[in-house]
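Have a look at the structure below before the remarks.
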Amino acid sequence: MSVKLDVYMPDASGPFPAIVLIHGGHFHRGDKCQAEYDAQARHFTSAGFVVYNIDYRLAPKYGTSSTVYKCVDGSTTDISSLQGNHFPVPLDDATAAVQWVRDNGASYKTDVSRISCVGESAGGTLCYGLGT
């Protein structure tokens, strides 16, 4: 299974520092396409960062929360195919995303020597894991 990411680049020529943006959701829900994460990515891009907004494999579904999310572009995404995993799979995916940025970031106006991470809730925990 491949896990996707979206790239947001400033209009100017780079290279720019990068931010890996990781959504929250208690490790069992959430998606990078949600409006709040799109807004954060656009904010950081306007401040001069290339943003890599990532998804990651999720823990098994817990409770009755929906698995379908409305994306900022009006489409929907179903996260059920990402669910059913156990830790450290989400951290493995975040680590792979950072490695992908290191390997491919120059093609996206990225200064690959300057990569940071921002996340909320579970995403913040994954950022912490990347830093340790």
Side-chain angles (χ1 to χ4, degrees):
M1 160 183 282
S2 64
V3 182
K4 308 289 185 190
L5 60 79
D6 295 328
V7 182
Y8 296 73
M9 294 182 293
D11 290 331
S13 60
F16 300 99
I19 293 177
V20 174
L21 177 60
I22 309 179
H23 70 79
H26 305 280
F27 290 104
H28 67 91
R29 65 175 188 247
D31 192 273
K32 66 178 175 53
C33 80
Q34 293 174 263
E36 63 193 279
Y37 304 112
D38 177 75
Q40 288 177 26
R42 291 180 189 284
H43 170 77
F44 290 128
T45 301
S46 70
F49 294 89
V50 178
V51 178
Y52 296 86
N53 188 6
I54 73 167
D55 268 336
Y56 54 91
R57 290 174 288 172
L58 302 165
K61 183 176 178 181
Y62 176 77
T64 59
S65 61
S66 174
T67 62
V68 177
Y69 288 87
K70 184 172 183 175
C71 298
V72 71
D73 66 3
S75 66
T76 58
T77 185
D78 186 344
I79 63 166
S80 60
S81 66
L82 294 175
Q83 292 178 320
N85 299 282
H86 297 280
F87 202 81
V89 168
L91 184 57
D92 293 343
D93 291 345
T95 302
V98 171
Q99 187 60 54
W100 188 92
V101 171
R102 286 183 179 142
D103 294 344
N104 300 284
S107 299
Y108 297 94
K109 302 193 273 187
T110 301
D111 176 351
V112 297
S113 69
R114 297 167 59 198
I115 302 171
S116 185
C117 187
V118 173
E120 71 171 9
S121 188
T125 300
L126 291 173
C127 286
Y128 176 78
L130 287 170
T132 54

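- If you run side chain to side chain donor-acceptor pair (under 3.5 Å) between T67 and each of T77, D31, D78, only D78 comes through.
- Put simply, CD on Q99 and CD1 on I115 are 8.5 Å apart, with the number rounded to the nearest 0.5 Å.
- Contact between A12 and K109 at its shortest, heavy atoms only, is O-NZ, 2.8 Å.
- Between the side chain of S75 and the main chain of C71, no donor-acceptor pair closer than 3.5 Å is present.
- Of all heavy-atom pairs spanning C117 and I22, the tightest one is SG-CD1, 3.6 Å.
- Y108 places no side-chain N or O within donor-acceptor distance of the main-chain N or O of V50, the cut-off being under 3.5 Å.
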**Q.** Worked verdict on L5 versus D55 for side chain to side chain contact (heavy atoms under 4.5 Å, CB included)
**A.** CA-CA 6 Å; L5 60 79; D55 268 336; over 6 Å; no
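- Closest approach of Y52 and G105 over heavy atoms only: OH-CA, 3.5 Å.
- The shortest distance between side-chain heavy atoms of Q40 and L21 falls below 4.5 Å.
- Taken together through direct or relayed side-chain contacts under 4.5 Å among Ile, Leu, Val, Met, Phe, Trp and Tyr, L130 and V51 form parts of separate hydrophobic clusters.
- In this structure, CZ on F44 lies 8.5 Å from OG on S116, to the nearest 0.5 angstrom.
- A distance-only check finds no donor-acceptor pair linking the side chain of K61 to the backbone of R29 [under 3.5 Å].
- Taking CZ of F87 as the start and CZ of F27 as the end, the distance is 6.0 Å to the nearest 0.5 Å.
- Within a 6.0 Å radius of CG in D103, more than 12 heavy atoms belonging to other residues, nucleotides or ligands are found.
- Follow the hydrophobic side-chain contacts under 4.5 Å out from W100 and you reach V20 in the same cluster.
- With hydrophobic clusters built from ILVMFWY side chains whose heavy atoms lie under 4.5 angstrom apart, L91 shares a cluster with V101.
- When every heavy atom of Y56 is checked against every heavy atom of G123, the shortest pair comes out as OH-N, 4.4 Å.
- With rounding to the nearest 0.5 angstrom, the SG atom of C33 is 9.0 Å from the CG atom of N53.
- For the pair N85 (side chain) and L58 (backbone), a donor-acceptor distance under 3.5 Å is present.
- Annotation for Y128: atom OH does not count as buried by contact number, only 12 or fewer foreign heavy atoms lying within 6.0 Å.
- Listed for the T110 side chain is no donor-acceptor partner under 3.5 Å among the backbone atoms of A106.
- Here the CD1-NE2 distance, from I79 to H23, works out to 7.5 Å after rounding to the nearest 0.5 Å.
- Annotation: side chain of F49 is not in contact with side chain of P10 (no heavy-atom distance under 4.5 Å).
- Judged purely by atom type and a 3.5 angstrom limit, S66 uses its side chain to pair as donor or acceptor with the backbone of V68.
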Q: Evaluate the criterion side chain to side chain contact (heavy atoms under 4.5 Å, CB included) for residue pair I54 and K32; output intermediate values, then yes/no.
A: CA-CA 6 Å; I54 73 167; K32 66 178 175 53; 5.7 Å; no
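- The nearest pair of heavy atoms linking G24 to Y37 is N-OH, 3.1 Å.
- By the 4.0 Å N-to-carboxylate-O rule, D93 lies close enough to R57 to be salt-bridged with it.
- Q34 and D38 share no side-chain donor-acceptor pair at under 3.5 Å.
- H26 approaches A122 most closely through the heavy-atom pair N-CB, 4.0 Å.
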